[in-house]
Amino acid sequence: GIPIRTTLDNSTTVQYAGLLHQLTMKARSTVRDVDPQNDLTFLRIRSKKHEIMVAPDKEYLLIVIQNPCE
Amino acid sequence: KSCQTVKISTVETAAQSHTSRDAGVQTDQSKDAVQDFQPEVQVDYASLLAFLQRVEDAVIKELNKNWKSRAFDGFEVNWTDQNETVLCLHTLSYPEAQDQNLQVTSVSWNATGSVVACSYGRLDDGDWSTEKSYVCTWNLDRRGLNPQRPDLVVDVPSSVMCVAFHPSQPSLIAGGLFSGELVVWDTGRTEDPVIWRTGMTDDTHTDPVYQVNWLPDAKRRNHSRLLSVSTDGKILVWKEERDGRLALAEGFAIVAQQIPRSAQLKKFAWGEAAVGATSLSFSHFDPRVFVVGVEGGYSLKCSTAAETLALHRTGSSVPLRAPAELAFSPHGGPVYSVSCSPFHRQVLNLFLSCGTDGQVHVHSMLQPQPLLSLQLSKKYLFCVRWSPVRPLVFAAASGEGNCNKRLCLIGDVHLFDFEKSSRKPALSLKQAAGERPVYCLEFNTKQTRLLAAGDAAGTVRVWQLSSDFTEQGPREMNRLEQLASEITD
């Protein structure tokens with residue numbers, strides 16, 4: 001994916017954009033393989049340090065990284 | 001009826017390769033290719049706006065749910081096998097050096113993390129010595145590693161006090177000698193590994209070099225410069241010249257009169273004497289700021305951008321500057337090691353200092369008083385290092401000292417974890433079988449479970465740390481920042 005707007009630094013943004021685009025495509029095909037009538041609406045990845053949220057669309061991808069309070 | 005197959009024809013041939021060649025392959029450090037944004041991205045702002053308006057509600061709802069959620073409290077996943085114990089993987093030594101009763105003065109890991117080098121010399125001798133010593137390297141990833149036979153032994157005509165591998169070229173190693181010289185060896189060359197040396201010139205240190213560091217050169221990316229620290233009070237930066245010589249590029253001299261005195265510190269007898277520097281550590285976030293530990297027992301915050309000239313008597317080819325900006329409150333004895341935290345991002349950069357009073361001080365660069373003073377042991381502490389992976393962990397090497405009015409030499413490596421306790425070490429590893437102080441230690445930044453420690457018996461022990469020392473917990477950075485700010489007034 002090509003980053004359009006970002007609040008992070010260049011290199012991190014490019015990294016996230018590329019990697020998450022691929023992951024989103026994979027997630028979407030997983031959902032549709034199980035049930036062709038279904039489709040991916042939202043993707044959340046929780047890691048030790050934060051949570052990554054991806055809102056997918058036909059042309060765009062919105063990626064939000066949040067530090068949840070525990 | 002019978003049937004029979006047609007005669008099958010067979011042919012025998014043999015094949016063999018005639019010539020073979022050995023070639024070594026090593027990956028180079030990849031250049032960080034950061035692609036910039038393509039500036040002319042054709043964006044249809046109207047549809048972008050429509051997209052954002054569509055997803056906005058859903059995302060905000062998830063964000064809000066998330067910070068209130070307690071669903072994942074205490075939920076931890078173990079991806080790797082949890083290693084519960086700390087074990088000593090290797091005990092490396094060079095018998096010839098041990099026969100001469102030489103001690104390990106310094107250890108260093110190379111750029112790839114697979115080779116450990118140690119320097120032999122003496123730390124307890126006060127006299128000028130011209131005895132030969134060695135620098136030995138072992139490749140731990142090689143099969144058939146013989147702990148008593150180093151892969152490479154370099155004979156050095158004088159005691160080597162410190163070594164440092166180049167941060168990106170895995171075969172270059174620099175060493176500082178008792179005579180005040182610096183030498184750079186290339187371990188890839190079989191005949192004569194020496195590639196650069198300072199020689200004995202007017203610029204060379206007049207006292208042993210206790211620490212040598214490689215500095216990335218701002219102008220040319222692949223070249224580095226060498227920095228040496230010595231008890232003659234000078235901190236010199238060397239650059240490579242064509243004929244295998246190291247020439248002085250710039251330098252600093254610490255003179256007692258020029259140390260900034262803080263009103264909070266007691267007045268010591270500051271004369272005109274040169275202040276012997278024993279150790280140095282650069283800040284990981286501002287490459288011009290560094291911390292120096294001195295024999296007088298205190299640490300100094302210094303800057304490479306300092307302009308004032310040092311009041312130094314002997315002439316040198318490049319004018320020496322006075323770098324000190326702030327003096328921190330002293331220990332009860334000489335400071336032998338300082339280490340800046342690679343994690344603390346804010347302005348109040350944390351660093352550790354340790355000395356012969358057995359204490360480790362956690363300092364912030366903003367104030368002279370330490371944030372925390374830990375009495376780690378009653379023995380001298382020779383080396384302290386922050387862990388490269390866990391912001392709350394550091395290791396300290398201890399040695400001789402007076403316990404119960406008796407001189408005891410048992411050396412330990414203490415591992416301290418602020419998460420577990422802020423008063424005493426989480427784990428103390430007994431280094432040597434006999435009673436020998438541990439003089440140096442280094443964490444391996446590439447294979448983060450390994451820690452190398454060298455002692456006075458001439459052995460280097462490579463310890464494998466357990467998972468709780470190498471895996472970062474989720475809230476560690478916050479805990480570190482909390483620690484840093486809770487004691488500042």
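Keep in mind that what you see is a predicted model, and the values were worked out from it rather than measured.
- More than 12 non-hydrogen atoms from other residues, nucleotides or ligands lie less than 6.0 angstrom from NE2 of H284(B).
- For L61(A), the part lying under 4.5 angstrom from a heavy atom of chain B is the backbone only.
- Closest heavy-atom contact between F51(B) and L62(A): CZ-N, 3.7 Å.
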Exercise for review: I would like to know whether R44(A) and N66(B) meet side-chain contact (heavy atoms from CB on, under 4.5 Å); could you show each step before the answer?
Suggested key: CA-CA 11 Å; R44(A) 285 164 67 163; N66(B) 228 359; 3.3 Å; yes
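- Counting only residues at least two apart or in different chains, salt bridge (charged side-chain N to carboxylate O under 4.0 Å, His left out) contacts with residues 54-65 of chain A comprise D57(A)-R54(B).
- Annotation: the span from R5(A) atom CZ to L48(B) atom CG amounts to 7.5 Å, rounded to 0.5 Å.
- The contact between L52(B) and chain A is made entirely by side chain atoms (from C-beta outward), counting heavy-atom distances below 4.5 Å.
- Of the two parts of V55(B), only the side chain, counted from C-beta on, holds a non-hydrogen atom closer than 4.5 Å to a non-hydrogen atom of chain A.
- Pairing each heavy atom of D44(B) with each of Y60(A), the nearest pair is O-OH, 3.4 Å.
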